Amino acid sequence: MSEGDSIGESVHGKPSVVYRFFSRLGQIYQSWLDKSTPYTAVRWIVTLGLSFIYMIRVYLLQGWYIVTYALGIYHLNLFIAFLSPKVDPSLMEDSDDGPSLPTRQNEEFRPFIRRLPEFKFWHSATKGILVAMACTFFETFNVPVFWPILVMYFIMLFCITMKRQIKHMIKYRYIPFTHGKRKYKGKEDVGKTFAS
């Protein structure tokens, strides 16, 4: 391998200007993501606002329904991954090695670990909306379709998928929303302190 063969390096062994620019841009982007992590409600409000702007744009343009349908299916897949446990209990049924969800009241508490964490769910959903918004600027993606059929397909797909997910939750007794370990109160002190 000669000089300059590696990715992002110029002939003299130093990173190229383009590589340094995109590397710095990636660092700035990651810094903003890191700063936004604790603000869950604000992040989701911004995403809902972007979604609302996207829906208004599609309504006013009267097109890009296939892009909207694809965005809906993408968001549905993200939501199902968000509701699913990291380790599928149906696969753990046969083998005794590895962690499992508690099935009895007196078992040890194990928090619900998602297949897709909330932050990645938000990040992917927001990126999906921005990509769909970008697609509305290109006439190539405006495929003529009868949109009521797409709405009906999506509603049917949503109902079937959620029914299957809820049956899975009931069968393996897990709830995808936990708020931490239960706090038990000790016996209250009913006695008086002695004064000396």
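Computed from a prediction, not measured in an experiment: that's the story for all the values here. Residue numbers run from 1 in the order of the sequence given. Basis for what follows: all heavy atoms, side chains included, without hydrogens, waters or symmetry-related copies.
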Say whether Ile149 and Val143 are linked into one hydrophobic cluster, either directly or through other cluster members, by side-chain heavy-atom distances under 4.5 angstrom. yes

Quiz item: Going by distance alone, is a donor N or O of one side chain under 3.5 Å from an acceptor N or O of the other, for Tyr54 and Thr68?
Solution: yes

Audit row: Tyr69, Tyr153, side chain to side chain contact (heavy atoms under 4.5 Å, CB included) steps and yes/no
CA-CA 9 Å; Tyr69 179 69; Tyr153 282 160; 3.8 Å; yes

* Heavy-atom side-chain contact between Arg114 and Pro85 under 4.5 Å -> no

So CZ of Phe119 and OG1 of Thr40: to nearest 0.5 Å the spacing works out to 9.5 Å

Within the distance-only criterion (no hydrogens, no angle test), does the side chain of Ser51 pair as donor or acceptor with the backbone N or O of Thr47 below 3.5 angstrom? no

Q.
When you compare the side chain of Pro144 with that of Tyr65, does any pair of heavy atoms fall below 4.5 Å?
A. no

Answer yes or no: is there a side-chain heavy-atom contact under 4.5 Å between Ile56 and Tyr59? no

Residue pair Lys86 / Leu116, side-chain heavy-atom distance below 4.5 Å: no

Exercise for the section: Please report the C-alpha distance between His75 and Leu78 in whole Å, then the side-chain angles of each, then the deciding distance to 0.1 Å, and finally whether the side chain to side chain contact (heavy atoms under 4.5 Å, CB included) criterion is met. Expected result: CA-CA 5 Å; His75 282 173; Leu78 289 175; 4.2 Å; yes

Side chains of Trp122 and Thr126: is there a donor and an acceptor less than 3.5 Å apart?
yes

Give me the ring orientation class for Phe121 and Trp44: parallel if the planes are under 30° apart, tilted from 30 to 60°, perpendicular past 60°.
tilted

**Request:** Please confirm whether the backbone N or O of Trp64 pairs with a side-chain atom of Asn142, one donor and one acceptor, at under 3.5 Å?
**Result:** yes

In short, salt bridge (charged side-chain N to carboxylate O under 4.0 Å, His left out) pairs touching residues 115-139 with sequence neighbours left out are Arg43-Glu118

For Tyr172 and His168, take the angle between the two ring planes, folded into 0 to 90°, and tell me which bin it lands in: parallel under 30, tilted 30 to 60, perpendicular over 60.
tilted

- When clusters are formed by joining ILVMFWY residues with side-chain heavy atoms under 4.5 Å apart, either directly or through shared neighbours, do Leu61 and Phe141 land in the same one? yes

Rounded to the nearest 0.5 angstrom, the CE-OG1 distance for Met156 and Thr161 is 10.5 Å

Would Met55 end up clustered with Phe79 when hydrophobic side chains under 4.5 Å apart are linked, directly or stepwise?
no

### Message
Donor-acceptor pair, distance only, cut-off 3.5 Å: does the side chain of Ser36 make one with the backbone of Leu33?
### Response
yes

Arg57 to Phe52 six-membered ring, cation-pi geometry met (6.0 Å, 45°)
no

- Message: Tell me whether Phe137 shares a hydrophobic cluster with Val67, the cluster being built from Ile, Leu, Val, Met, Phe, Trp, Tyr side chains joined at under 4.5 Å.
- Response: yes

One should read off an interatomic distance between Leu83 CG and Gln165 CD, to the nearest 0.5 angstrom, of 5.5 Å

Interatomic distance, CD1@Ile166 vs CE@Met169, rounded to 0.5 Å, equals 6.5 Å

Rounded to the nearest 0.5 Å, the OG atom of Ser124 sits from the CD1 atom of Ile129 at a distance of 11.0 Å

Under 4.5 Å between side-chain heavy atoms, hopping through other hydrophobics if needed: is there a path connecting Ile45 to Met133?
no

Rounded to the nearest 0.5 Å, the CD1 atom of Ile73 sits from the CZ atom of Phe158 at a distance of 13.0 Å

